[in-house]
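Take a look at the structure set out below.
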2 protein chains.
Amino acid sequence: MTSSKIDLNKILRSAKLKATKPRLDVLSIINKAEAAVSHSEIQAKLESFDRVTLYRTLNTLIEKGIIHKAHVESTEVFYAMCTTSCTEEGHKHEHIHFVCDKCEEVTCIDSEPISIKLPNHIISEVRVQATGICDKCFV
Amino acid sequence: MTSSKIDLNKILRSAKLKATKPRLDVLSIINKAEAAVSHSEIQAKLESFDRVTLYRTLNTLIEKGIIHKAHVESTEVFYAMCTTSCTEEGHKHEHIHFVCDKCEEVTCIDSEPISIKLPNHIISEVRVQATGICDKCFV
DNA sequence: GTTTTATTGCAACATTGTTGCGGTATTTGT
DNA sequence: ACAAATACCGCAACAATGTTGCAATAAAAC
Ligand SMILES: [Zn+2]
Ligand SMILES: [Zn+2]
Ligand SMILES: [Zn+2]
Ligand SMILES: [Zn+2]
């Protein structure tokens with residue numbers, strides 16, 4: 001039992017979720033990864049689990065504010081760990097999803113909150129997706 | 001033959017596309033709409049066309065820089081007209097996609113270009129999605 | 001009008017996501 | 001440590017979304 005596994009157990013416990021193998025395995029994959037992980041990648045690594053279980057597991061973790069989707073302009077959905085600011089009540093992300101055109105990785109990048117003002121609009125959330133070349137692929 | 005229909009014909013011609021009924025009808029729907037139109041809405045309005053035809057038509061129009069997808073954090077894809085800055089070579093959008101939590105409309109909002117700087121990254125494109133209450137739903 | 005060429009419609013398939021339910025694993029309580 | 005209560009998983013079946021190949025058709029060019 002590694003120290004990271006203890007953490008993940010705790011995370012599930014404090015969200016009042018049973019610490020089952022699928023959840024621990026999914027969380028472990030997303031937690032270990034540097035970049036956001038695509039659904040299909042998680043699926044591939046957890047072939048033994050039922051497809052439906054994976055969908056439900058991911059959705060549960062999102063609902064509880066543990067992971068979040070990085071909806072980028074692709075058919076694929078990517079998942080990454082939330083920070084402590086996310087709860088069951090809602091996700092509060094102040095970061096950019098960066099998509100590298102070269103390595104195709106999706107990374108969550110903390111940044112200054114982007115302030116947008118639109119006349120006669122109430123803006124509750126701003127999501128930003130940047131495309132380009134990531135630092136790893138940068139010459 | 002309305003004046004808008006002439007325009008749409010021209011648009012297709014200058015993109016070296018045949019001005020067929022499916023294309024004119026799809027373009028007409030997207031062009032008339034105030035907000036971006038969801039795939040399912042277009043589909044519903046054009047029941048007579050084959051499902052595949054709609055997919056191919058939309059993709060062709062995107063490739064030619066005539067319409068663009070508004071990928072918002074929803075399973076549904078929305079479509080809107082491009083401006084003249086978009087060509088076959090690429091889409092150049094400097095606008096926000098605003099999703100209203102109340103009326104659920106997706107609108108393209110022109111805005112000042114959002115400048116983001118990330119160390120050791122090359123940023124080629126920035127896409128912004130704001131959520132909240134739109135001007136129509138604003139009290 | 002006829003030929004040429006692009007586009008459509010159909011059928012079949014692939015992928016992605018959802019729902020209901022019985023069996024199973026995790027917790028809770030003793 | 002064990003039994004009871006409960007939450008979760010796996011399976012089957014379905015629904016929605018998207019793709020491919022090809023023959024029939026419509027638009028454009030001549
Ligand atoms: Zn979150
Ligand atoms: Zn990269
Ligand atoms: Zn609204
Ligand atoms: Zn737009």
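These numbers come from the heavy atoms of this one structure, side chains and all, not from hydrogens, waters or symmetry mates. A note on names: the letters A, B, ... follow the listed sequences, proteins ahead of strands, and every chain is numbered from 1.
Annotation: the terminal axes of the helix from dG1(C)-dC30(D) to dT30(C)-dA1(D) meet at 40°, where each axis is the rotation carrying the C1' atoms of four end pairs onto the next four (5 pairs per end, rounded to 10°).
Each of Arg13(B) and Glu76(B) has a nearest nucleotide on DNA chain D; the 5'-most of these lies closest to Glu76(B). Residue order along DNA chain D, read from the 5' end via each residue's closest nucleotide, puts Tyr55(B) first among Tyr55(B) and Ala19(B).
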Might you work through the side-chain contact (heavy atoms from CB on, under 4.5 Å) test for Ile30(B) and Leu58(B), ending with a clear yes or no? CA-CA 10 Å; Ile30(B) 298 174; Leu58(B) 290 166; 4.1 Å; yes
Worked verdict on Asp25(B) versus Phe49(B) for side-chain contact (heavy atoms from CB on, under 4.5 Å): CA-CA 10 Å; Asp25(B) 285 4; Phe49(B) 296 127; 3.5 Å; yes
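A single hydrophobic cluster is not seen to contain both Tyr79(B) and Val106(B); linkage of ILVMFWY side chains at heavy-atom distances under 4.5 Å, directly or through other members, places them apart.
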Which letters describe nucleotides 6-13 of chain C, given B = protein heavy atom under 4.0 Å from base, S = only from sugar-phosphate, - = neither? BSSBBB--
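Taking all atoms of both residues into account, the shortest heavy-atom contact from Asn9(A) to Ala19(A) is OD1-CB, 3.0 Å. The two residues Ile114(B) and Glu94(B) come nearest to each other via the heavy atoms N-OE1, 4.4 Å.
Judged by distance alone, the side chain of Arg23(A) and the main-chain N or O of Lys18(A) form a donor-acceptor pair under 3.5 Å.
Summarising the local packing, CD of Glu73(A) is surrounded by more than 12 heavy atoms from other residues, nucleotides or ligands at distances under 6.0 Å.
Contact footprint of chain A on DNA chain D: nucleotides with an atom under 4.0 Å from a non-hydrogen protein atom, first to last in 5' to 3' order, dT6(D) to dA12(D).
Interatomic distance, His97(A) NE2 to Thr131(A) OG1, rounded to the nearest 0.5 Å: 12.5 Å. Taking NZ from Lys64(A) and CD1 from Ile11(A), the interatomic distance works out to 14.5 Å, rounded to the nearest 0.5 Å.
Residue Glu41(A) contributes atom CD, which lies 14 Å from atom P of dT16(C) at whole-angstrom precision. To the nearest angstrom, P of dT16(C) lies 12 Å from CG of Leu54(A).
Using a 4.0 Å cut-off between charged nitrogen and carboxylate oxygen, Glu88(B) and Lys16(B) do not count as a salt-bridge pair.
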